[in-house]
Amino acid sequence: MATFLSKLGRLAFRRKGVTLLLWLLVFVGTGVAASSAPAPPADTFSMPGTESQEAFDLLTEKFPDASVDGATARVVVRAPEGTKVTTPATRTEVERLVTELGVSSPQVAGVADPYESPAVSISEDGTTAYTVVTYKVPAAEVDDEAHDALDAATEQAREAGLTVEAGGDAVKIEQAMGGTGEQIGILVSAFVLVLTFGSMIAAGMPLITALIGVGIGISGITALGSTFGLSGTTSTLAMMIGLAVGIDYALFIVSRFRAERAEGRTPEEAAGRAVGTAGSAVVFAGLTVIVALAGLAVVNIPMLTKMGLAAAGTVAVAVLVAITLVPALLGLAPVKVMARRGRLRYAVKPLSDRQRRRAARHEAKPARRTRPNLGTRWARYVLRHPVVVLLVGVIGLGTVAVPAASLELGLPGEGQMSTQTTQRKAYDLLSESFGPGFNGPLTITVQTVSADGTGATSAGTPADARRTGDEIGKALARTPGVASVSPATANKAGDTAILTVVPTTGPTEKKTEELVHALRDTADDLERSTASRILVTGQTAMFIDFSQTLDDALLPYLALVVGLAFLLLMVVFRSVLVPLKAALGFLLSVAAALGAVVAVFQWGWLADVFGIDAPGPIMSTMPIFMIGVVFGLAMDYEVFLVSRMRESYAHGARPGEAVVDGFRYGGRVVGAAAVIMMSVFSGFIVEDNDFVKMIGFALAIAVLFDAFVVRMAIVPALFALLGRSAWWLPKWLDRILPRVDVEGEKLAGTQPAARSPRENTLVG
């Protein structure tokens, strides 16, 4: 592996013009393909194998006239204080609003008149009413004209003295994400890179190559969107993880190139060894990330599978960019990539008179005593106190992880939006006037089946279907936690009826989840006595099923990614204990990060500091996504830090010396990479949306724990305690495992080339 990649790095360095041209053609080609591709499909959400999805499919089949895919807006109206919506003057304004909503946009299919069904649409105290606006198109296709028309109609009603708010998927979501946080993160990243390298050129390379890789990946996803059903949101994870690993991979290769140049090697030799050693680590780190992302397929949710595979493809592009484009760019500036101070020492052409005088003055200065860097001093401290460092790290992370035992999963809803949004205001108005469960109704489908035990549909008349539905509704109404059950509505074929159950509790409350399970248990008993098939669905039920699906998939997903990564790391490091501690350390950092997320976003600790309006359940996708992203970054840090230790050990260093060497050459770079990722992810914390805050906080705190506590403290402490045992591998396993030479052992014979500063000049 190291030999092949070294040759590849040398080739890209020598043929820099051809390499750059090829990547430019790929970048432009994917961009053109993306711009000419059909529009990506709208987001589709499905959960094969769940009861709520089965019921939703049944509704689509049995009620074809119902616009199950059309967007809706629920407009809530509250009368002025001291009046009711039934007051003649107020009723006139409400009816005017209903009329305006109906003619405001050609995309509107219809508007319900609250006065036609006052028992349902008007609160008991008469102060609040609501109307539902149904659209002909899905939410993703509601255009700006329709959004503006809805806003104009509600604003006109407000001017007439009514309190009017709107919720539903047809209402435009005000994105407060102006990119300020992300821009701050990029600026911090650039600042850290400049401090790390002491060169603007070296600092710019990781950013530029990462953006090129992400651009190619996102353009490829867009170009293939209509073919593979990749929606616009599929690229979200790809962009985030692609940018993260792209910066990391280029950072490590540029850093290794500079280290090889400092040891006296020519630019081409340095490029070859950088790609052969650090590039080998990049390849295997990339493979672990790809495993983690592709492993999302085990969740069996098509949307997550597509997101994972698209992100895995973007990571593969980032790896190729790092091992080919980065050495080509180094070929353009082999000297300017070095630190500005003392740059003349790396010149490769005859010096001018002025440059010779500058070099002479530099050589005439007394040599400064070489001092150990921060990484070296820290490694030596850990080697002297391994037990203390290990206990502090493990106990500290374990304490932070305690709240994770109380983790409650849910999906974002209007009840968790900012209190300044119209959706949240509409949600609160409905909860106050109609009860908390009104915002999370459950839909019950009742399909009559034959009594012969075959399960075939038994057609009848709509009256028969309604009668069966009402009978089942009366039985379900006796379930604790049910506030009301609507009359049944039958389809034209007379074989299916639907009814609505309103819980007494809100859609994200634990008691509502318990009610869904209780209704399904009751339905199982009723199916035998009524010769029908009863299914529970609705948005709330789908959210509950989604959370349960993710919860059930969490352990298999962890086992898959950790198990495959264990095998990869065993091949890389020729050790059993090194990949074992890497996996256990990752689990510890993830548990601590989840504990911090629960404490802040579920329990409400420091809620005012982070601007969290409504602490509540943790987003269901958070643990899965966090595991995928953090696992990739954690293995990056593990591979890059420990591979340098392995390289030193393979070349004859004692175990303690190998740890010090790993931190001497890799500690600063790994620390810089972690700070960069933390700054990028922390940018999301300043956004208004609580769930965006959650994503940013979770990823930033997880990187902090994993990079600085696990990789920088616990890992070297374990190495100090294990000694040579850390690199133990059974002989029979050593014979079976393929040899990939990640540490560049076969490159060890390359000696530094002799050179004289006085015979060189500054180029690049």
Side-chain angles (χ1 to χ4, degrees), residues 20-46 69 71 137-144 147 169 172-173 175 177-179 182-183 185-186 207-247 249-250 286 289-290 292-297 299 301-322 324-325 621 624-625 628-629 632 680-681 683-684 687 689 692 695:
L20 292 171
L21 178 61
L22 289 175
W23 277 110
L24 178 62
L25 291 175
V26 173
F27 185 77
V28 173
T30 54
V32 171
S35 62
S36 58
D43 285 313
T44 56
F45 182 81
S46 62
D69 292 330
V137 295
E141 299 178 19
V142 177
D143 56 28
D144 291 339
H147 284 143
D169 57 359
K172 179 171 58 178
I173 297 178
Q175 297 287 352
M177 297 175 60
E182 297 171 60
Q183 293 170 9
I186 295 296
L207 291 175
I208 292 172
T209 54
L211 291 174
I212 290 174
V214 168
I216 293 173
I218 299 303
S219 296
I221 293 170
T222 304
L224 299 174
S226 60
T227 303
F228 294 101
L230 306 177
S231 67
T233 58
T234 304
S235 60
T236 302
L237 182 62
M239 181 178 298
M240 179 169 54
I241 191 68
L243 184 62
V245 300
I247 293 176
Y249 295 165
V289 181
I290 291 172
L293 294 172
L296 288 172
V299 183
I301 294 178
M303 179 186 69
L304 294 184
T305 300
K306 292 175 182 178
M307 291 181 71
L309 293 177
T314 304
V315 172
V317 173
V319 171
L320 293 175
V321 166
T324 57
L325 181 58
T621 53
I624 288 282
F625 278 147
V629 175
V680 172
F681 295 142
F684 292 102
E687 307 296 350
N689 188 290
V692 175
I695 291 171

Original post:
Any side-chain heavy atom of Leu320 sitting closer than 4.5 Å to one from Trp23?
Top reply: yes

Original post:
Hey, mind stepping through Met307 and Leu296 against side chain to side chain contact (heavy atoms under 4.5 Å, CB included) and telling me if it holds?
Top reply: CA-CA 8 Å; Met307 291 181 71; Leu296 288 172; 5.5 Å; no

Subject >> Ala318 versus Gly246, closest heavy-atom pair with distance >> reply: CB-CA, 4.2 Å

**OP:** Locate the shortest heavy-atom distance separating Thr314 from Gly242; write the atom from each residue and the value.
**Re:** CG2-CA, 4.0 Å

Original post:
Say you draw a straight line from CD1 of Ile247 to CD1 of Ile208; how long is it, rounded to the nearest 0.5 Å?
Top reply: 11.5 Å

**OP:** Please report the shortest heavy-atom distance between Ala250 and Thr209, naming the atom on each side.
**Re:** CB-OG1, 3.4 Å

Original post:
Nearest heavy-atom pair of Thr305 and Ala297: which atoms, and what distance?
Top reply: OG1-CA, 3.4 Å

Subject >> Leu22/Val26 under side chain to side chain contact (heavy atoms under 4.5 Å, CB included): CA gap, chis, key distance, verdict >> reply: CA-CA 6 Å; Leu22 289 175; Val26 173; 5.6 Å; no

Original post:
Between Ala312 and Leu293, what is the shortest heavy-atom contact and its length?
Top reply: N-CD1, 3.7 Å

Enumerate donor-acceptor pairs with a distance under 3.5 Å from any side-chain N or O in residues 212-225 to protein atoms, sequence neighbours excluded.
| unit_1 | atom_1 | unit_2 | atom_2 | d |
| --- | --- | --- | --- | --- |
| Ser219 | OG | Gly215 | O | 2.8 |
| Thr222 | OG1 | Ile218 | O | 3.0 |

**OP:** For the pair Leu211 and Leu243, evaluate side chain to side chain contact (heavy atoms under 4.5 Å, CB included) and give the outcome as yes or no after the intermediate values.
**Re:** CA-CA 7 Å; Leu211 291 174; Leu243 184 62; 4.1 Å; yes

Subject >> Note, Val315 side chain near Ile241 side chain (heavy atom, < 4.5 Å) >> reply: yes

